[in-house]
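Labels below follow one simple rule: chain letters A, B, ... track the order of the sequence lines, proteins then strands, and each chain is numbered from 1. This structure is a prediction, so every number in the text was calculated from the model and none was measured.
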Amino acid sequence: MHFGPHLLLAALEGLVTSAVLALMALGLSLVFGVMRVVNVAHGEFFMLGAVLAWAISTAISGHPALGFLAALVLAPLIVGAVALFAERLVLRRLNYNPEATIVATIGMLYIIQQLALTFYGPEARPVEPPFSYRILLPWFGYSGYKLSVIAASALLLAATWFVLTRTKIGLIMRATQYDSETAQAFGIPVDRVYAGVFALGAMLAAVAAVLIVPISQAHYLMGQDPLLLSFIVVIIGGLGSLRGTLVAAVLIGLSDGIISVFFSPTLAKIIATLLVAMVLVFRPQGLFGTASR
Amino acid sequence: MTETRALTISGLDCFYGDVQVLYGLDLALNKGEVLCLFGRNGAGKTTTLKAIMGLIPSSAGSIRLDGEELTGLPAHEVPKAGVAYVPQGRRLFAEMTVAENIEIGLMTRNKGKATRENVLDLFPLLRQRLRQRSGTLSGGEQQMLAMARALCLEPQVLLLDEPTEGLMPSMIAKIRETVAKLRVSGVSTILVEQRVDAVLSVADRVSFIENGRNRETVDVEQLRADPSAVRRYVGVG
Amino acid sequence: MKDASPAKPYALHLGVIALLFALSFVLPDYHHGLLARIMVLAVFAMGYNMLFGYVGLLSLGHAMFFSAGLYGAGLAVIHLGWSVPAAFAAGILCGAALSLVIGVLALRTSGVAFMIVTMMFAQVFYLVILYFASWTGGDQGMVVPQPARVLGFGATSLDLTNPTVRYMSALALFSTVLLVTLAVVRSRYGRVLVAIRENEERTKMLGYDTFSNKLAAVVISGTICAASGAAYALLFGYVGSSFASVQYSILPLLWVLLGGAATTLGPMIGTLFMYYIVDITSGYTSAYLLIVGIALILLVLFFPKGILGTIRQRWLGWLP
Amino acid sequence: MMPLLTTKGLSRNFGGLRAVANVDFAMMPGEIRAVIGPNGAGKTTFVSLVSGRIQPSSGMVVFDGADITNLPAYARVRLGVAYTFQITSVFANLSVYDNVALPVQRTLTDGRSKGAVRTGVMAALERTGLADRTHMLAGQLSYGHQRLLEVAMGLALKPRLLILDEPTQGLADSEIDNFIELVRDIARSATVLLIEHNMPVVMQLADRITVFNAGKILAEGTPEQIRANTEVQDAYLGATP
Amino acid sequence: MHKSKTFDLSKTGLTRRTALKGLAAGAGLAVAPGFVRYSQAQSSAPIKIGFQSHRTGIGAAYGRWYEKTTAAAIKAINDAGGINGRPVEVIIEDDGTDPGRGAEVVGKFATQHKTDIVFGTLFSHVVIGSAPAAGEAKMPYFVVSEGHHVASTKLNRYVFQPGITDVKSQIQAMAPWIAANAGKKVTQIFPDFAFGYDHRDYLPPALKAQGAEVIAQIAIPPTESSFTKYFPQIPAETEVIYHVMVGPAVLTFVKELGEFYGSNRPQLFGFIDSLEATDINSPGLEFLDGSHFWEGSPRYAQPDDSAAQKAYRAAVGIDDNGAAVGDPKDVSTAAHMFGCWETLYVVKKAMEDAGYKGPEDRAKLVEATEALTEFAEGHEHPQGPKTFNGKIHQCFGIQNISKVEGGKLKVVHKTKIEDGLYEPEGDYTTQAL
């Protein structure tokens, strides 16, 4: 294939990666930014979303779009409820102590993974996309669904951005993030905000999972790699910066795609990872973080 | 007596971890007065304010707002009861705009446009800066915003922690002016200060805090006549 | 550190070592073998604790230091035919060199950025192992041949594959690192490390070049972890990329947090706890990860500073 | 005699704000110099520039004849520039002993002997009156004692220039008297640069006073001269009761 | 080992684990006629087989079916009188599909459960990680992994693979068919880890011998979950794409390949490893229609299935589509799991040949296994006849090439055993026992 089309394909692929990554990282960033909790179980909420998407979509017969849409609504709600429960039961009791929450979320990771293995099984199971339309370009074919994932993610990101910057809920969340004590002095129930943020973060991961699951499959170990990438995105973007998270997700997704054009796959991964690490070495506060925190 | 009291603290004990900071502190704020807490760093002034706000749990004693007990309330219910707080160092939500900071104040007790207009009338300067990120305001403007944000609660009781700290004289004058205006409008204020001149020009009464106790409360006229208490408790003169 | 008298801590540590020595003679075979492995991995945790517990730097990349030792020693035997001591030294050197380079780069950052940067470097290291699969055996790994794992002393030789020799070698490494850790922690340098953790800015203003001190800590920590990796390769005969994966960076963190960060014996306790809870529960149910997860959460609820950390805080203030 | 410390055109901007603007400053060995000025006048920024905690936007700092503008803070400490913090920043979770041992062990050259550290620590604690609290955690000390511990840590560095940033803040009257004695004692072996709000302390201690206002030096002179300076009165002292 | 035996925790450990079983067995023995002498009790005590299972981790889908097959085989063996007249008991330990834990599990079998042999491992990194522990414990270690590592003779004398042909042999056996029927210009796509390397290393020479060639090799990093971006690296002149993708991402791989090429695709030849435990009729896999797969044992029942094959399928509990009886969504790993069944019968045969009595006879068991040469097709070996090379501890059998047709896999070609034979690379029997 010629260089131009190859690059186009790599860029498209990169954008799909970015789209899903941005949603998931946004969830992580909220939890990390507002609660200062390093949520190691975030990837498991992602996995749970995918597994539920499979369960819901197979339970609903008829056109695949029906099952998919049901999953898109229900899976995040259920995952949010699970997260809420975990937050009330465990994280709050730990006073959100950073070190203790790492252990606790590792514990959650084990629990969710094991439950998925026991009740869902070790197989990778596919979810039928709501529509399958193959876009025929002069050089190659491309999945229409993948393009719609980019669009859906953009839409959801815009919605999240709107909620965070233009609504009372967003105002309350940001106030809690910047100064939780002062927020309390203005009647903000920080405790409940934390619970909500944790649930919302998990829901964003679940939405990302529902979107991606018709492309890849639901599998009980699928949470780990996206978790690591999300952490990278959050930090590269700069903690608490919505814009940074988005830019970093695009940067990482695209660089992953485009570098693969020039090198053999594993070497490309090495170079892409090293490059992103170097960004952080020379800009420790991330792309859009402020110098001192 | 009670009906003249805006806020009554009695026998308050507070701890930071294992360290006791307040030892049976008693304090009474009359309606419509400016009560100044005076004392050295570490005496317990800021702790007192935080304890009123419920930000530090009190292990003994009571804090009553117009008859309502505050100590049992979760921290976020205290402002809803009508106590507004301007913390030391202003503690604005620096990444947010001026308008958003004010919005948070308004949300606390579901106040609307009218309150907002009143508050902005009090600080007309802020009106031109509504869309500016509050962290980029000058020190004086930040202090105004911090007070504006608190006044959006239309509080019965206002707590001001060192509002003139780090400000230039003209700004200090402006802040004092505002405190005086608020007194006229009936807000009861507790003011933590370290500057004697600030105290004497705006306060009605002064409580001297030392080692977590209220040593003495005196009328400001009395203090003007005999400033020895100031010397005794703070060592300035 | 309230009690400056050194007698109690040293007695405790020597006691632990003596107990482990005695256990060698009474433990049934299985636990004997498992404990040898736990001791080697506890060294990994102790190396991690050096940086995380005492300097307060949370790394998510220590798998690379462990596997630098693992591959340094293992590949020296497999490809170069080096003797056990030479290979062990090679493993340690690899870890020291790698930690120096990583330290210089990663210490430009702090806090969560340090965590992520180290994680990414470790990921690079992991991928490099896969990329050079023709030398490293890739994810499949390589066996360090049994005949090469013999320590020769002139005419006599010690076979590292013999369980007793293996146990004693592991104990020797464990004891050395434990006592070195104790000495470092109680030394002036240890005091500086803790000071950096507590307040780096202030430490600078006492005339300490905190960057160099932190770098030294990264190198010490990396070297200890590499020693653990090298010992693992030589004692257990296998090198593989799974030891470089991110799980093996999270494990020492988990062990240290469970046992108690900034306690000398905590890493051992945490490793022991984690190993046995997996071992025991997996005997009862195939869903043992569920129990492990619940146990972790319960533990952290009741021992928020780890087992030893909480014991020290509540009861035994003199614990180092 | 050559000045111990000189700054030339020293400036530091924060965003658009000129916290310190073009300051030329000099002090002689052995003197006690007080720097006063209203809040926000740039005093702390100025001493932070001298100690190397922050880097200047322009200008230079010369210590004992050597240009130290580009030296990192720790290297300046090693040359003898010690700084005690405005807000107490002792190591709250370490014992009083360890807090002082940190600076003591740095200055020791033999590197080994535990006894030498102990002697040095106890000497510094004796001088500041904290010797009976050696094994307490620093965070459990009263505020005033924490301030003294700060000074003890500064002392233990055996500085040639000791910068004290608002050392009497939060001290009781009796403590302040002892403190004044302590600084006089320190001044026998070191030069002292003092930022202080408490005017009686300044007047009793300082050989000379430098007044900052809006990032610049407004006036400089003996306590008497400063007391008489009406400009200073207006800017700083305000209306006294 | 010089150790005091006064305090033996392992016994209590064992009792705890098998307390109920022990009680039941004891009760049974007590009432059994002829229960007189201790030695007799000893000789009828069960033979213990440690099953190193991938219950968790990436291999869990295989692990589950390996357990089912093993249970079926053990039941069949016990129903027919066990081994040497002794019942067989399987003790399962999870290795988490992790080589470190794998080695620990082997140690646990050797020293705590005191099993007679260890058996059942699939993933090659676990095999390689566990092999040293098995060798040191002198524990016969029968793997069902199909990797070339056993036959490479780089492991040790205690490791055997008598139930499934290794990949090197599989590739060699199939290369002629690929060259003759699929195309001459082959592009390989494989995972950049162990299992992929066997394919990377052995396919090019095997094809070359048939006058075909590998024109590109694309190794996909194991962390990858999306593949489209690598497809442009497939040269345009490619006639056959030879794909091996193991792990949960394989469906993505096939689907993306479909989206990329549409109907205008090169020939596809793949290893069913990719789609083990996955329904071939999953959405997105329509693209595979008409492509070919290697299968060890066919997933779908074939018209010419032997009686033994039918009996085996019934015993394990898979239907004609290779899914669990009663749950058509629970697809088996049919192409590999037969190896568990066959390996256990090899173990039975070798133990009986050796007159195996207990762990002290392990060396004899190794030698007896090495002495085996042929396994005839039948109940014990339902997949087909095999030869066994005792020097390299590896068996060689027939391979199936199946075509995807109407949502089923239909066997279109069976290789001969001779197609897959190669020169041994070493000789385990020269190693000391």
Distance (rounded to the nearest 0.5 Å) between [X] [atom1] and [Y] [atom2]:
X        : Y        : atom1 : atom2 : result
C:Phe121 : A:Leu280 : CZ    : CG    : 9.0 Å
C:Phe52  : A:Glu99  : CZ    : CD    : 4.0 Å
A:Thr266 : C:Tyr126 : OG1   : OH    : 10.0 Å
A:Gln114 : C:Leu289 : CD    : CG    : 5.0 Å
A:Leu274 : C:Leu105 : CG    : CG    : 9.0 Å

Chain A contacts, top residue of [options] (heavy-atom pairs, under 4.5 Å):
options                      : answer
C:Leu298, C:Val292, C:Val117 : C:Val117
C:Val128, C:Ile250, C:Leu253 : C:Val128
C:Leu130, C:Ile291, C:Leu301 : C:Leu301

Need one label for [X]: side chain, backbone, both or neither, based on atoms under 4.5 Å from any heavy atom in chain C.
X        : result
A:Val276 : both
A:Ser264 : side chain
A:Phe282 : both

[X] to [Y] - nearest heavy-atom pair and separation:
X        : Y        : result
C:Pro304 : A:Ala100 : O-CB, 4.3 Å
C:Ala287 : A:Thr118 : CB-OG1, 4.0 Å
A:Val281 : C:Thr109 : CA-CG2, 4.1 Å
C:Met120 : A:Ala277 : CE-N, 3.6 Å

So what's closer than 4.5 Å to chain A heavy atoms on [X]: side chain, backbone, both or neither?
X        : answer
C:Leu58  : side chain
C:Thr118 : neither
C:Val246 : side chain
C:Leu60  : neither

> Any side-chain heavy atom of C:Met115 sitting closer than 4.5 Å to one from A:Ile235?
Replying inline: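 C:Met115 does not reach A:Ile235 side chain to side chain.
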> Should C:Leu257 and A:Ile102 count as side-chain neighbours, where that means a heavy-atom distance under 4.5 Å?
Replying inline: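 A side-chain contact under 4.5 Å exists here.
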>> Quick check on the interface: out of A:Ile232, A:Val90, A:Leu109, who has the most heavy-atom pairs with chain C under 4.5 Å?
In response: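 With the most close heavy-atom pairs to chain C, the winner is A:Ile232.
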How about [X]: does its [atom1] atom have over 12 heavy atoms from other parts shown lying under 6.0 Å from it?
X        : atom1 : value
A:Tyr178 : OH    : yes
A:Phe119 : CZ    : no
C:Tyr276 : OH    : yes

>> Testing A:Ile106, A:Ile111, A:Thr105 one by one against C:Leu296 for a side chain to side chain contact (heavy atoms under 4.5 Å, CB included), which residue passes?
In response: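 That would be A:Ile106; it is the only one of A:Ile106, A:Ile111, A:Thr105 passing the side chain to side chain contact (heavy atoms under 4.5 Å, CB included) with C:Leu296.
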>> Between A:Lys269 and C:Gln123, does the side chain to side chain contact (heavy atoms under 4.5 Å, CB included) criterion hold? Intermediate values first, please.
In response: CA-CA 9 Å; A:Lys269 286 265 180 234; C:Gln123 189 70 7; over 6 Å; no
> Do C:Ile297 and A:Leu89 pass the side chain to side chain contact (heavy atoms under 4.5 Å, CB included) test, and can you show the C-alpha distance, the side-chain angles, and the key distance before you say yes or no?
Replying inline: CA-CA 10 Å; C:Ile297 288 173; A:Leu89 200 67; over 6 Å; no
